[in-house]
Amino acid sequence: GAVVSQHPSRVICKSGTSVKIECRSLDFQATTMFWYRQFPKQSLMLMATSNEGSKATYEQGVEKDKFLINHASLTLSTLTVASAHPEDSSFYICSARDRAENEKLFFGSGTQLSVL
Amino acid sequence: GESVGLHLPTLSVQEGDNSIINCAYSNSASDYFIWYKQESGKGPQFIIDIRSNMDKRQGQRVTVLLNKTVKHLSLQIAATQPGDSAVYFCAENDGDENSGSRLTFGEGTQLTVNP
């Protein structure tokens, strides 16, 4: 199956710094990527839909100036958490849709962000 | 909508038993459903999917049943093994191309397999 690589897997940073998370589709082209956020013992909550070459579509309640998404190529989307604060600490997961495999979504391994 | 709550539903089974994990979905327009397995600290892993024009689909040791009348989805795991211990999520696709056909995840069920 298709492989989605997410990096880094874990980040610890000081409050006020910005953190960039990368999501790459390794063996397929992903015109659409999705970013999720997951708190402990809870489900995945969709943050935004990222389309290659256009602006991301954010879910209600997600601050676009806080969570900056760039999808500059068919294999790479990045999520930048700007001026991170402790309440931004969470598990962030990306996924990519492979059109060649119908509508299946393939997920990255996630990034655990801890803001001190 | 948002998933609220601090406690995942749990299911505890003995190794070798069959497991049944249930999920209720809310959108009657959803036309595609997927079950994912998530191990601690990892991203979700695809298990099996089913389209709304089917009511049953089988994979290796897993079966998904779809009841559109009551908007219910279930995952059956045969001969459950310790390696099956994880959180299982159902997800529905609303089939709306304008939204990128995004997935909405259920609350998840923690499956624990006792040796």
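Order of the sequence lines fixes the chain letters, A, B, ..., with proteins taken first and strands second; residue numbering starts at 1 for each chain.
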Would you say [atom1] of [X] has more than 12 non-hydrogen atoms from neighbouring residues, nucleotides or ligands within 6.0 angstrom?
X	atom1	result
A:Arg10	CZ	no
B:Lys68	NZ	yes
B:Lys56	NZ	no

Next on the checklist: Among B:Pro44, B:Gly108, B:Gly43, which residue has the highest count of heavy-atom pairs closer than 4.5 Å to chain A?
Outcome noted: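 Between B:Pro44, B:Gly108, B:Gly43, the count favours B:Pro44.
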Next on the checklist: Nearest 0.5 Å, please: how far is CG in A:Leu44 from OG1 in B:Thr104?
Outcome noted: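 Here the rounded value is 11.0 Å.
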Item to check | Heavy-atom closest contact (B:Phe89 atom, A:Gln42 atom, distance) | outcome: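 Smallest heavy-atom distance, with atoms named: CZ-O, 3.9 Å.
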In this structure, would [X] and [Y] fall into the same cluster of hydrophobic residues linked by side-chain contacts under 4.5 Å?
X	Y	answer
B:Leu66	B:Ile34	no
B:Ile50	B:Ile77	yes
B:Val64	B:Ile21	yes
B:Leu75	B:Val13	yes
A:Ile69	A:Ile21	yes

Item to check | Part of B:Gln38 lying under 4.5 Å from any heavy atom of chain A | outcome: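 Contact with chain A involves the side chain of B:Gln38 alone.
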Item to check | When A:Gly61, A:Gly110, A:Gly108, A:Ser109 are compared by non-hydrogen pairs under 4.5 Å with chain B, the top option | outcome: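 Max contact count across the listed options: A:Ser109.
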Checklist entry - What parts of residues 79-96 of chain A touch chain B if we use heavy atoms and a cut-off under 4.5 Å? => result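 Listed by number, the contacting residues are A:Phe91, A:Ile93.
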Checklist entry - Can you say whether A:Gln6 sits under 4.5 Å from chain B via the side chain, the backbone, both, or neither, judging by heavy atoms? => result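 For A:Gln6, there is no contact with chain B at all, as no heavy atom is under 4.5 Å.
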Checklist entry - For A:Phe39, is it the side chain, the backbone, both or neither that has a heavy atom under 4.5 Å from a heavy atom of chain B? => result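 No part of it gets close to chain B.
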Checklist entry - Below 6.0 angstrom between ring centroids: does that apply to B:Phe46 and A:Phe107? => result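 So the answer is no for these two rings.
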Checklist entry - Stepwise, does the side chain to side chain contact (heavy atoms under 4.5 Å, CB included) test hold for B:Leu103 with A:Leu105? => result CA-CA 9 Å; B:Leu103 293 181; A:Leu105 283 187; 3.4 Å; yes
